[in-house]
Amino acid sequence: MMELLAPAGSMEALQAAVKGGADAVYVGGTQFSARQYAKNFDNRQLEEATNFCHHLGVKIYATVNTLLSNNELKEAENFINQIYGMGVDGVIIQDLGLMRLIRQAFPDLKVHASTQMTVHNTLGVKALEKMGFKRVVLARELEIEEIAQIAAHTEIELEVFVHGALCICYSGQCLMSSLIGGRSGNRGKCAQPCRLIYTLMDKDGKRMKIQGKYLLSARDICTLNYLALFKKAGVTSLKIEGRMKKPEYVFHVTSAYRRAIDSLNEKAG
């Protein structure tokens, strides 16, 4: 059965996700999260969130998915030690140096490879499997046939984004925000400049006629009508984007996917 994984950028959003029927939620702490401008959770709130989820049979994954500098590794390890003690069901990371520390200090902690690692083929998935990762959040650019091919050649869990905003670049590897304003997406501080209105000019400086105003912004995805294809392809977890979204959004989107998944399971008997 496919897991429905919902975003929670605040305690209110987490409660909305659970009420909407999520099997699992993903949250960020006050540090090392790729969504530093969400409300996020301090350590007390993380423990409260973990207890709340587990009481209702819902899993909780913590995002520790920014790239880390040398002087941050010990602090990140200390943070993981704290959430490990809380009993989180897994951590989502991007930094391979952090992975080595986790395997040494917390060998039984389940680790997911973030989509920001841009893993897009079977060899990449197998390499991470050898390192000890238990799940890979695949690059968002993959087609369903490519996902199915990867699933057919690996035993590792595969997670895919099924709803929400899409980065215009390859799975979060954009440097535009960093170059324009010094806010790196790989440090959790993307200012989303691709969402702004731009004017397209020709080589002579004349404004060109185009359709629309948002030249770099991709439309949000919605795959409610394609869930059977994900199931057939061998996907483990269906991930909804949106840790910056309001609780109302989280509830309604999660509820819609819950109904669609349940309907799919009923038809399968």
Side-chain angles (χ1 to χ4, degrees), residues 4-10 12-13 16-17 20 26-28 33-40 63 65-67 92 94 114-120 137-147 159-227 229-230 238-257 259-260:
L4 177 57
L5 178 56
S10 66
E12 295 79 11
Y26 61 104
V27 303
S33 166
R35 289 292 181 270
Q36 285 295 306
Y37 297 111
K39 285 187 178 180
N40 291 317
T63 59
N65 57 340
T66 57
L67 292 176
I92 306 168
Q94 177 185 184
S114 170
T115 189
Q116 288 179 268
M117 296 184 77
T118 324
V119 180
H120 51 76
V137 189
L138 292 172
R140 304 185 192 188
E141 298 75 38
L142 289 176
E143 296 182 0
I144 194 71
E145 293 81 8
E146 295 172 309
I147 295 172
E159 180 177 307
V160 297
F161 279 89
V162 296
H163 192 96
L166 278 176
C167 182
I168 194 63
C169 193
Y170 285 107
S171 277
Q173 298 302 311
C174 181
L175 297 178
M176 188 175 181
S177 179
S178 179
L179 292 171
I180 291 176
R183 288 172 52 173
S184 171
N186 280 314
R187 299 284 291 168
K189 298 179 180 181
C190 181
Q192 297 187 324
C194 60
R195 308 295 185 207
L196 301 178
I197 296 174
Y198 290 94
T199 300
L200 185 63
M201 313 293 287
D202 65 18
K203 63 180 180 179
D204 297 319
K206 294 181 180 179
R207 183 171 181 170
M208 299 178 65
K209 291 184 178 181
I210 55 168
Q211 288 186 339
K213 299 178 181 179
Y214 299 92
L215 305 186
L216 298 179
S217 182
R219 291 180 180 274
D220 285 11
I221 57 170
C222 176
T223 64
L224 278 170
N225 295 327
Y226 303 96
L227 300 187
L229 295 178
F230 288 122
L238 305 175
K239 189 171 195 171
I240 298 169
E241 183 275 337
R243 279 195 290 140
M244 301 288 288
K245 300 291 189 181
K246 294 181 179 179
E248 294 84 357
Y249 172 94
V250 174
F251 172 76
H252 287 295
V253 173
T254 302
S255 299
Y257 277 85
R259 292 192 297 270

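As the structure is a prediction and not an experimental result, all values here were calculated from the model.
- Taking 4.5 Å as the limit, some side-chain heavy atom of Pro193 sits within range of a side-chain heavy atom of Tyr198.
- Annotation for Tyr226: atom OH does not count as buried by contact number, only 12 or fewer foreign heavy atoms lying within 6.0 Å.
- Considering CE of Met208 and CG of Leu200, their distance stands at 5.0 Å, rounded to 0.5 Å.
- In this structure, CG in Leu67 is found 9.5 Å from CE in Met117, a value given to the nearest 0.5 Å.
- Listed here is the closest heavy atom pair of Leu224 and Ala256: CD2-O, 3.7 Å.
- Of all heavy-atom pairs between Arg140 and Glu241, the closest is NH1-CG, 4.4 Å.
- Using modelled atom types, one side-chain atom of Tyr26 and one backbone atom of Ile240 make a donor-acceptor pair closer than 3.5 Å.
- Applying the salt bridge (charged side-chain N to carboxylate O under 4.0 Å, His left out) test to pairs two or more places apart or on separate chains, none has a residue in residues 190-201.
- Checked options Leu215, Leu216, Leu166; the residue passing with Cys194 is Leu216 (criterion: side-chain contact (heavy atoms from CB on, under 4.5 Å)).
- Not a single donor-acceptor pair under 3.5 Å links the side chain of Asp204 to the backbone N or O of Lys206.
- A donor-acceptor pair is defined here as one N or O able to donate and one able to accept, closer than 3.5 Å; no such pair exists between the side chain of Glu12 and the backbone of Pro247.
- No donor-acceptor pair under 3.5 Å is formed between the side chain of Thr254 and the backbone N or O of Ala17.
- Nearest heavy atom pair, residue Lys239 against residue Glu159, reads CD-OE2, 2.8 Å.
- Pairing each heavy atom of Leu142 with each of Val119, the nearest pair is CD1-O, 4.2 Å.
- Between Tyr214 and Leu196, the shortest heavy-atom distance links the atoms CD2-O, 3.8 Å.
- In terms of modelled atom types and a separation under 3.5 Å, the side chain of Tyr257 and the main chain of Thr223 share a donor-acceptor contact.
- A heavy-atom distance below 4.5 Å is not found between the side chains of Leu138 and Thr115.
- Residues satisfying the side chain to side chain donor-acceptor pair (under 3.5 Å) criterion with Arg259, sequence neighbours excluded, are absent altogether.
- Every residue two or more places apart in sequence or in another chain was checked for a side chain to side chain donor-acceptor pair (under 3.5 Å) with His120, and none qualifies.
- Pairing each heavy atom of Val250 with each of Gly242, the nearest pair is CG2-O, 4.3 Å.
- Between Arg243 and Thr63 the shortest side-chain heavy-atom distance falls below 4.5 Å.
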